[in-house]
There are 2 protein chains.
Amino acid sequence: MKLGDGVEQAVHSVTMLAVLPEGGLLSAAALAEFHGVSPSYLLKHLQALSAANLLATVPGPKGGYRLARPAEDITLLDIVLAVEGPEPAFRCKEIRQKGPNPLPKSAFQRPCQINAAMLRAERAYRAELRAVTVAQLVREVEEADHDGAIARRGCAFLDANIRHTPTSR
Amino acid sequence: MKLGDGVEQAVHSVTMLAVLPEGGLLSAAALAEFHGVSPSYLLKHLQALSAANLLATVPGPKGGYRLARPAEDITLLDIVLAVEGPEPAFRCKEIRQKGPNPLPKSAFQRPCQINAAMLRAERAYRAELRAVTVAQLVREVEEADHDGAIARRGCAFLDANIRHTPTSR
DNA sequence: GGGTCCTTACTCGGATATATCATGTCCGAGTTTTTGAGG
DNA sequence: CCTCAAAAACTCGGACATGATATATCCGAGTAAGGACCC
């Protein structure tokens, strides 16, 4: 039961991208610098988010990442699944069928109840993550920062590093 | 987001110990053979369960494992935490505090909202596991095996391998 | 025959190698910008 | 001065080392059972 550190980086990065004004962009290098993490490693996870159609990329100089859809339509679950993979944490190896005197497969048509219980728990976990949108997360973070110090630092960094989608011509 | 295979082995082993008659014992070797897994590896997890006071051990020849308390008082959560460790899956590294222009620690007195959301989900996960007792699991497994083939195989194996707690004198 | 002691064999417990996956890094393909020349 | 084209630089994307953790294993300490011996 362990989540990789990449999940935290991914969520923070998506949250930061969510506060950009319309058409704003940030490069992977800027996101990595702001969070103090390895650029190459963060890039790996940003690519996973991009492959999952959560982020859109703009190539070339002055390029970068932006959200692929409104922050209201991106949930924490989307991010976690994109980074960690869609497989459930508990994978039943069906060891009840192993051992001596193996019974015919027909005896195990009913699903393993242990597996079922574990998956029920995981379903609850995912439901809780699905209920939290990135937009909601941004509101909570802003409310918790009531003296505005964190927001000021973020804005200063954005002013120095923000980019814009090329004007379509 | 991945659980080790030891969890499945541990749950199956505890479930098997739960169907023993009063005072019954099973050795780690017998449990490993029945489930078709590495004895040494299963032993490792049984020791973890023993350290968590879920299982009691009887040393010496004709020794083995038994439940340390009634099956109604052992939950899936107990087993998972004993095997995987008590730390939550998501561990906030506080990367919001890192990066350039680090703010004073006083600015981050409020907990990280992202961490809070992840922990909420994990709390739901654990609550679901805590709601399932081993006794309940045994009932479900028995109900799912309506033609009795699985139970017969289990009983045959038990008759050949069961032991008993030494009569206290 | 009964009791006591000793040997023995089996158990769990912890320390030790190996495999696998997450972490961290690198180089290459692609695209936009920029810059220069030409008209 | 404007247009066009070519080169360059910066971006993301995927393939490649490294380290930590889970997996698998082995050997040692401890204990109850079984047997032999003595009373």
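A, B, ... follow the sequence lines: proteins, then strands. Residue 1 opens every chain. Treat the numbers as computed from the prediction; the structure is a model and nothing was measured.
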request  = Taking ring-ring contact (aromatic ring centres under 6.0 Å, His included) as the test, write out the residues that go with A:F108, two or more places apart.
outcome  = none
message = Salt bridge or not between B:R126 and B:E122? Use side-chain N to carboxylate O under 4.0 Å.
response = yes
message = Expressed as a whole number of angstroms, how long is the span from B:K44:NZ to C:dG13:P?
response = 13 Å
ask   = Do B:D145 and A:R110 sit within salt-bridge range, that is, some charged N less than 4.0 Å from a carboxylate O?
value = no
Contact list (N/O, under 3.5 angstrom) for nucleotides 9-12 of chain D vs protein:
from, atom 1, to, atom 2, distance (Å)
D:dT11, OP1, A:R163, NH1, 3.4
D:dT11, OP1, A:R163, NH2, 2.9
D:dT11, O4', A:G60, O, 3.0
D:dC12, OP1, A:A28, N, 3.1

remark   = Of A:S40 and A:K2, the one whose nearest nucleotide on DNA chain C sits closer to the 5' end is A:K2
ask   = Is the shortest side-chain N to carboxylate O distance from B:R96 to B:E94 below 4.0 Å?
value = yes
request  = Give the rounded distance in Å between these two atoms: CD of B:E87 and C1' of D:dA22.
outcome  = 14 Å
query = When the distance from CG of B:L25 to C1' of D:dT31 is rounded to whole Å, what number comes out?
reply = 14 Å
ask   = Just how far, in rounded Å, is C1' of D:dA22 from CD of B:Q9?
value = 12 Å
request  = Send over the distance from A:H35 NE2 to C:dG24 P, rounded to a whole Å.
outcome  = 16 Å
query = Of all residues at least two apart in sequence or in a different chain, which pass the ring-ring contact (aromatic ring centres under 6.0 Å, His included) check with B:Y65?
reply = none
remark   = Heavy atoms of A:D147 and A:R152 approach each other most closely as O-NH1, 3.7 Å
key: Rounded distance in Å - OH (A:Y41) to C1' (C:dC21)   = 11 Å
query = Between A:L46 (CG) and C:dT23 (P), how many Å, whole number?
reply = 15 Å
ask   = In whole angstrom, what separates B:L3's CG from C:dA22's P?
value = 13 Å
